[in-house]
Amino acid sequence: MAADQQFGITPEKQASLPRFFYNQLTVTPAEVRDVNLKGKTAIVTGANSGVGFECSRQLLDLGLSKLILAVRSEEKGKIALAKLLEGRTLAANAVEIWLIDFSVYDSVVSFAKRAMSLDRLDIVILSVGIFPGTRTFNERTKHDEIIQVNYLSTALLAVLLLPVCKAKKNSQPTRVTFVSSEVSAWTGFKEKGEDPLLPALDKPGKIDLLDRMMVSKLLGQLFIAKLAKLVPPTVAVINSASPAGLHDTGFSKDHEQGVIGAIGKSVLRRIYYTSAVGSRTVVDAAVHHGAESHGQFFSFQKMVPMAPIVYSSEGQEIGERLWKETMAEFSFAPVETILKEISN
């Protein structure tokens, strides 16, 4: 089925800037209610601040019994934990801090192994993301750090958690929700014709960091589209959601310095949501939607097309190349074996 028939709108129209800002100004995501998460367990990455923290808070508000705060800094994790516990009476160890560093593959692998110790796994929200003010390269992999954290390590964790999803699911499949963004459709993606693709993104030199962040989100959408074809929704329902424009997350703090940055932030505060409001779309995708959302994207609490390129023949070819390169990148881990076994 063509995307415009499936969603009632073409990917191109959905991706337009005027439509995004119209929605941003006229739509307020509804608070997620009428869901009882008692007895269920969730993992949230990037849980110490912004979208990750707000998703964690909202899941607890819905009665979640076990929450794993996946964070890089134990100190920041403890601060987040204290805030989450304010005004609540929870069972001992209902909320735990687990360390994970998305700059280090070994840390991602260790986290996934530890997750097998959970009694069950019902929800995974993959919220970690960076948008630094200066370009850096990962010391170990030599990849552009934005691509490393926002795409590669997040993709690795998603695959490595699939055996946990299969082994620990109960009557319903695990929900795995990636935090994505409308900006996936706004990149010029000048490297898209390069082969191989990932090394092209690691070439030294000055780049547009905003565009690179957008590219990282587009790579995520291409990955999700392929992953959902390989993973049965009876094992894990894999979807993605955007919190839309937010003004209080700190995600863009490195780009808000000086007078111009302060003026821009002041303007965005009048237009964009708080992270508490924007995160409702992410939580909604994680708790309200089943197999019909497998491989899909939510924007302003509606299931809509991903970036237009995802549905094109060019995008299909790029997606296949990206998938092969990503699997090769993860050759140190049994990702391909996992994907073969998960479908059986």
Is there a side-chain contact between [X] and [Y] (heavy atoms, below 4.5 Å)?
X: Leu322; Y: Leu198; value: yes
X: Leu219; Y: Phe189; value: yes
X: Ile43; Y: Leu126; value: no
X: Asn48; Y: Ser73; value: no
X: Pro243; Y: Thr281; value: no
X: Gln148; Y: Arg140; value: no
X: Leu59; Y: Ile125; value: yes
X: Val109; Y: Phe332; value: yes

Handout entry: Carboxylate-amine/guanidinium proximity below 4.0 Å for Lys83 and Glu86
Key =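 The answer is no: the pair does not qualify as a salt bridge.
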
Practice task
Go through Glu182 and Lys217 one step at a time and tell me if the salt bridge (Lys or Arg N to Asp or Glu O under 4.0 Å) criterion holds.
Solution key: CA-CA 9 Å; Glu182 293 84 0; Lys217 292 299 185 180; over 6 Å; no

Practice task
Please step through side chain to side chain contact (heavy atoms under 4.5 Å, CB included) for the pair Thr174 and Val235, ending with a clear verdict.
Solution key: CA-CA 7 Å; Thr174 304; Val235 173; over 6 Å; no

Would you find more than 12 non-hydrogen atoms of other residues, nucleotides or ligands less than 6.0 Å from [X] atom [atom1]?
X: Lys302; atom1: NZ; answer: no
X: Arg72; atom1: CZ; answer: no
X: Lys169; atom1: NZ; answer: yes
X: Glu139; atom1: CD; answer: no

[X] with [Y], same ILVMFWY side-chain cluster at under 4.5 Å:
X: Tyr273; Y: Tyr22; result: no
X: Phe53; Y: Ile79; result: no
X: Phe137; Y: Val149; result: no
X: Val104; Y: Phe102; result: no
X: Phe111; Y: Val164; result: yes

So, [X] versus [Y]: side-chain donor-acceptor pair below 3.5 Å or not?
X: Gln296; Y: Asn239; result: no
X: Gln301; Y: His288; result: no
X: Thr274; Y: Asp248; result: no
X: Ser279; Y: Gln58; result: no
X: Glu96; Y: Trp98; result: yes
X: Tyr311; Y: Glu12; result: no
X: His143; Y: Asn138; result: no

Problem - Name of the residue among Ser293, Ser240, Ser180 meeting side-chain contact (heavy atoms from CB on, under 4.5 Å) with Phe298 - result: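 The passing option is Ser293.
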
Exercise for the section: Please name all residues satisfying side chain to side chain contact (heavy atoms under 4.5 Å, CB included) with Ala112, sequence neighbours left out, ordered by chain then number. Expected result: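 Scan of Ala112 (side chain to side chain contact (heavy atoms under 4.5 Å, CB included), adjacent residues dropped) gives Leu157, Leu160, Leu161.
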
Looking at [X] and [Y], would you say the former's side chain and the latter's main chain have a donor-acceptor pair under 3.5 Å?
X: Ser343; Y: Lys340; result: yes
X: Ser181; Y: Ser184; result: no
X: Arg33; Y: Glu31; result: no

Handout entry: Asp144: salt bridge (Lys or Arg N to Asp or Glu O under 4.0 Å) partners, not counting sequence neighbours
Key =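 Salt bridge (Lys or Arg N to Asp or Glu O under 4.0 Å) check on Asp144 returns Arg135, Arg212.
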
Practice task
Report the relative orientation of the aromatic rings in Phe300 and Phe20; use parallel for angles under 30°, tilted for 30 to 60°, perpendicular for over 60°.
Solution key: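 Ring orientation of Phe300 relative to Phe20: tilted.
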
Exercise for the section: Mind running side chain to side chain contact (heavy atoms under 4.5 Å, CB included) on Ile224 and Leu227 for me, showing each step along the way? Expected result: CA-CA 5 Å; Ile224 292 165; Leu227 184 65; 5.6 Å; no

Exercise for the section: Enter the distance from Ser331:OG to Glu336:CD here, rounded to the nearest 0.5 Å. Expected result: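 Separation between the atoms: 9.0 Å.
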
